[in-house]
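Have a look at the structure below, then the notes.
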Amino acid sequence: MSGAVQTVLAPPAGPARRAVRDPLVAGLVGLCLAVAVGLLVARPAPYLVNALGQLAAFAILAVSLDLVWGYLGILSLGHGLFFAIGGYVCAMHLLSHGVAVTGVQPDFVQFMGWKSLPAYWAGLDHPAYALVLALALAGLVAFLFGLASFRSRVNGVYFSIISQALVYVAMLLMYRNDTGLGGNNGMTGFPLLFGWPMGSPGVATGLAVAALVALAAVLAGTRLLVGSAVGRRMLACRDDETRLRTLGYSTTRLKLGIWCLSAMIAALAGILYVPQVGIINPRVLAPDLSIEIAVWVAIGGLGRLGGAVIGAVLVNGLKFWLSAAMPEAWPFILSGLVLVVVLVLPNGLLDLVALRPRPAWLRGSR
């Protein structure tokens, strides 16, 4: 039996087995739920609540990339596009809801001299419709881009370059004022969330709790996925796509399905992120954000869902602190972290476990 056949048909091994029984992932799920309960009970400072919510959203974004990069071998440098799709649709909902309640048009509508929101904003004041639209739009864009790429057998660095070009084109489009999406200034000034004042402590806590619960759900769901038969085919496709295709499996269908799922998870992260920061503009589509997402995953540990969460939380937590203390030093520190990972810890920070000295009674054993 060939190696690819063994990979597909044998019981879960390697990352897939770890995904099923990985105590790190299970521990992170429990930690997210515990922190969510703690926020509801302890009511900490608003800044801490907001920071935890943002970190949870970034962690979801990192997991979405790790799903396709770590388990399918597809490095996307354009995941910021799907994050932005979720964020922009969420912002449209918040402004539409505000107009429906207060009757006051957003600033960009007044700036453009319009009397009302564009026609394609219709229905976005309903949260369920906005949620479905955000996820469906991200999935549709991913489907069209993935279908064209995967059917043409675009892989490796070529796929990464094309994905980054896509997000750059979207950024240029969003800078136009006539798109009806805020143009260069973006969208801000969200007054209400489900009828509650956006700046109230209860809303901030609710958003952070929602982000933490969503992170726990995404971790649990993706863990089940990569530990299933689909996950084994993902690993086989990553390691030897040609052989898997020869065995009769549709690698295009497999990659396209996981790619679209990853895009919708990234859009969910954008939906949870925008209400917490109170603004979205074309800068979220800048290529450097998409590259930074890959850095989070690489630092945490590629092909380990828990590692992606750790990388996102550590890097962004450090960024939050240094942006206030030493803003000019942050780019150099991030570059140093990348060099350390590449040269010393090729599998990310989780390699530190392997570097620990073994007990004397285990030395020499295998």
Side-chain angles (χ1 to χ4, degrees), residues 53-54 56-61 63-65 67-68 76 78-101 106 116-147 166-167 170 173-174 179-182 186-188 190-196 198 203 206-222 224-225 230 253 256-280 284-285:
Q54 290 187 49
F58 287 141
I60 294 173
L61 183 57
V63 170
S64 73
L65 179 60
L67 188 63
V68 292
S76 166
H79 252 50
L81 172 61
F82 309 121
F83 181 72
I85 288 174
Y88 265 98
V89 174
C90 180
M92 294 166 72
H93 160 68
L94 294 173
L95 290 178
S96 296
H97 177 60
V99 171
V101 174
S116 62
L117 292 169
Y120 56 84
W121 284 56
L124 281 169
D125 55 319
H126 300 288
Y129 171 69
L131 175 63
V132 172
L133 178 64
L135 298 180
L137 187 57
L140 177 61
V141 172
F143 177 81
L144 295 176
F145 177 75
L147 184 64
L166 181 66
V167 74
L173 177 64
M174 289 297 103
T179 58
L181 297 174
M187 292 184 283
T188 187
F190 312 129
L192 302 169
L193 179 66
F194 301 122
W196 295 88
M198 182 61 76
V203 169
L207 288 170
V209 169
L212 288 164
V213 172
L215 174 58
V218 167
L219 272 175
T222 52
L224 290 175
L225 175 65
V230 175
R253 185 183 306 169
L256 190 58
I258 301 302
W259 170 253
C260 292
L261 175 62
S262 172
M264 289 189 286
I265 294 175
L268 176 63
I271 292 171
L272 294 167
Y273 174 75
V274 167
Q276 299 187 80
V277 296
I279 187 173
I280 186 169
V284 77
L285 286 161

**Message:** So, using ring pair (Phe, Tyr, Trp, His ring centres under 6.0 Å) as the criterion, who are the partners of Phe145 when residues are at least two apart?
**Reply:** Phe159

**Asked** With sequence neighbours left out, what residues match Tyr273 under ring pair (Phe, Tyr, Trp, His ring centres under 6.0 Å)?
**Response** Phe58, Phe83

**Prompt:** What residues, two or more places apart in sequence or in another chain, satisfy side-chain contact (heavy atoms from CB on, under 4.5 Å) together with Ala211?
**Reply:** Ala56, Leu272, Gln276

**Fill in**
Heavy-atom closest pair (Thr179 atom, Leu173 atom, distance to 0.1 Å) is CG2-O, 3.3 Å

Expected list for residues 125-141: side-chain donor-acceptor pairs under 3.5 angstrom, two or more places apart:
none

**Request:** Quick one: closest heavy-atom pair of Leu65 and Ser76, and the distance?
**Result:** CD1-O, 3.7 Å

**Message:** Testing the basics here: between Met187 and Leu95, what is the closest heavy-atom pair and its distance to 0.1 Å?
**Reply:** SD-CD1, 3.7 Å

**Pairs satisfying side chain to side chain donor-acceptor pair (under 3.5 Å), at least one member in residues 81-95, at least two apart** = none

**Prompt:** Rounded to the nearest 0.5 Å, what separation is found between the CD1 atom of Ile265 and the NE2 atom of His79?
**Reply:** 8.5 Å

**Request:** Please report the C-alpha distance between Val284 and Val274 in whole Å, then the side-chain angles of each, then the deciding distance to 0.1 Å, and finally whether the side chain to side chain contact (heavy atoms under 4.5 Å, CB included) criterion is met.
**Result:** CA-CA 10 Å; Val284 77; Val274 167; over 6 Å; no

**Asked** Closest heavy-atom contact between Ile280 and Gly87?
**Response** CD1-C, 3.4 Å

**Request:** Not counting sequence neighbours, which residues clear side-chain contact (heavy atoms from CB on, under 4.5 Å) with Val99? List them please.
**Result:** Gln105, Pro106, Leu117

**Request:** Check step by step if side chain to side chain contact (heavy atoms under 4.5 Å, CB included) holds for His97 and Leu193.
**Result:** CA-CA 8 Å; His97 177 60; Leu193 179 66; over 6 Å; no

**Request:** Specify the closest pair of heavy atoms between Trp259 and Ala142, including all atoms of both residues, with the distance to one decimal.
**Result:** NE1-O, 3.0 Å

**Fill in**
Separation between CG (Leu285) and CG (Leu166), nearest 0.5 Å, reads 9.5 Å

**Complete:** Applying side-chain hydrogen bond (donor to acceptor under 3.5 Å, both in side chains) to Ser64 and not counting sequence neighbours gives none

**Asked** Should we say atom OH of Tyr120 is surrounded by more than 12 heavy atoms from elsewhere, each under 6.0 Å from it?
**Response** yes

**Request:** Only counting residues at least two apart or in another chain, list the ones meeting side-chain contact (heavy atoms from CB on, under 4.5 Å) with Pro275.
**Result:** Cys90, Leu94, Leu207

**Asked** How many angstroms lie between CG in Leu144 and CG in Leu256, if you round to the nearest 0.5 Å?
**Response** 9.5 Å

**Message:** List the residues meeting side-chain hydrogen bond (donor to acceptor under 3.5 Å, both in side chains) with Gln54, not counting sequence neighbours, and say none if there are none.
**Reply:** Asn50

**Asked** If every non-hydrogen atom of Leu61 is compared with every non-hydrogen atom of Ala266, which pair is closest and at what distance?
**Response** CD1-CB, 3.7 Å

